[in-house]
S.K.: 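Handing you this structure, nothing more for now.
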Amino acid sequence: MTRPNTRQSSRENQTKKLSTTTTLKPKKKQKQKKRDGADKPKKPPTAFFYFLEDFRKTFQEQNPDIKSMRDIGKACGEKWKTMTYEEKVSYYDIATEKRAEFEKAMAAYVKRKESGEVSEESEDYD
DNA sequence: AAGGTGATTGTTCAG
DNA sequence: CTGAACAATCACCTT
């Protein structure tokens with residue numbers, strides 16, 4: 001099967017050409033500085049991250065001069081795009097399984113929310 | 001000394 | 001539909 005289980009069926013709808021204003025170019029950072037205490041389940045690592053795990057080791061061996069993950073990230077991104085679809089599928093497959101587990105966590109989260117147990121609303125009650 | 005930042009793409013949620 | 005934020009990781013920089 002050269003096809004990943006990446007919810008292609010559902011994604012097919014979004015896979016359309018939405019080249020209007022999809023994803024702007026935020027020059028700002030994406031760091032979360034505080035308050036991750038949300039009950040919401042953390043997002044599962046993407047296929048890219050799994051690729052990093054494997055690529056990182058190889059990259060350091062081939063480039064012992066490079067240490068920081070930032071530099072590797074750039075190299076990974078570049079390499080990632082050069083990778084063929086079939087190769088990426090391997091990582092997508094892993095991520096897909098992870099998402100399945102995350103989906104359960106999300107369902108439990110929603111269920112819990114319905115129980116009125118938690119409100120993600122800004123409850124700064126301290 | 002200690003902590004926040006930056007960079008990578010993908011995924012997911014919320015409005 | 002669209003946008004914005006966050007997932008791992010670690011050297012480097014700022015305070």
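All of these numbers come straight from a predicted model, not from anything done at the bench. Note that these values count all heavy atoms, side chains included, but never hydrogens, waters or copies made by symmetry.
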S.K.: Which is true for Phe102(A) with a 4.0 Å heavy-atom rule: it touches a base, it touches only sugar-phosphate, or it touches nothing?
M.R.: sugar-phosphate

S.K.: To the nearest 0.5 angstrom, please state how far the CD atom of Gln60(A) sits from the CE atom of Met69(A).
M.R.: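 If we round to the nearest 0.5 Å, Gln60(A):CD and Met69(A):CE are 9.0 Å apart.
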
S.K.: For residues Cys76(A) and Leu52(A), report the shortest heavy-atom separation together with the two atoms involved.
M.R.: SG-CD2, 3.2 Å

S.K.: What string of B, S and - do you get for nucleotides 10-15 of chain C 5' to 3' if you count protein non-hydrogen atoms under 4.0 Å?
M.R.: SBS---

S.K.: Atom NZ of Lys74(A) to atom P of dT9(B): distance rounded to whole Å?
M.R.: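 Interatomic distance, NZ of Lys74(A) to P of dT9(B): 11 Å.
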
S.K.: Rounded to whole Å, how long is the line connecting atom CG of Leu52(A) with atom C1' of dG6(B)?
M.R.: 14 Å

S.K.: To the nearest angstrom, how far is Ile94(A) atom CD1 from dT11(B) atom P?
M.R.: 13 Å

S.K.: Between Met106(A) and Ala75(A), which is nearer to the 5' end of DNA chain B once each is assigned its nearest nucleotide?
M.R.: Ala75(A)

S.K.: List for me each residue that meets ring pair (Phe, Tyr, Trp, His ring centres under 6.0 Å) alongside Tyr91(A), sequence neighbours excluded, and say none if there are none.
M.R.: Phe51(A)

S.K.: Could you give the NZ-to-P distance, from Lys88(A) to dT11(B), as a whole number of Å?
M.R.: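 About 10 Å, once rounded to whole Å.
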
S.K.: With rounding to the nearest 0.5 Å, note down the distance linking CD1 in Ile66(A) to CD1 in Ile72(A).
M.R.: 7.0 Å

S.K.: Scan Tyr85(A), Phe48(A), Phe59(A), Phe49(A) and name whichever one has a ring pair (Phe, Tyr, Trp, His ring centres under 6.0 Å) with Trp80(A).
M.R.: Phe48(A)

S.K.: In whole Å, I'd like the distance from the OH atom of Tyr92(A) to the P atom of dT12(B).
M.R.: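 Rounded to the whole Å, the gap is 11 Å.
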
S.K.: Could you state the atom-to-atom distance from CD of Glu101(A) to P of dT12(B) in whole Å?
M.R.: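 One finds 13 Å between P of dT12(B) and CD of Glu101(A), rounded.
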
S.K.: Can you check the Lys42(A) NZ to dC6(C) P distance for me, whole Å?
M.R.: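 Result: 13 Å.
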
S.K.: When rounded to the nearest 0.5 angstrom, what is the spacing between CE in Met106(A) and NZ in Lys43(A)?
M.R.: 11.0 Å

S.K.: Enter the distance from Glu97(A):CD to Tyr92(A):OH here, rounded to the nearest 0.5 Å.
M.R.: 15.5 Å

S.K.: Could you state the CD-C1' distance from Glu53(A) to dA8(C), rounded to the nearest angstrom?
M.R.: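 Value for this atom pair: 8 Å.
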
S.K.: Looking at Lys43(A), does any N or O in its side chain come under 4.0 Å of the phosphate oxygens OP1/OP2 on dG10(B)?
M.R.: no

S.K.: Verify the stacking flag for Phe49(A) against dA7(C): centroid separation must be under 5.5 angstrom and the ring planes must differ by under 30 degrees.
M.R.: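 Yes, the aromatic ring of Phe49(A) stacks with the base.
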
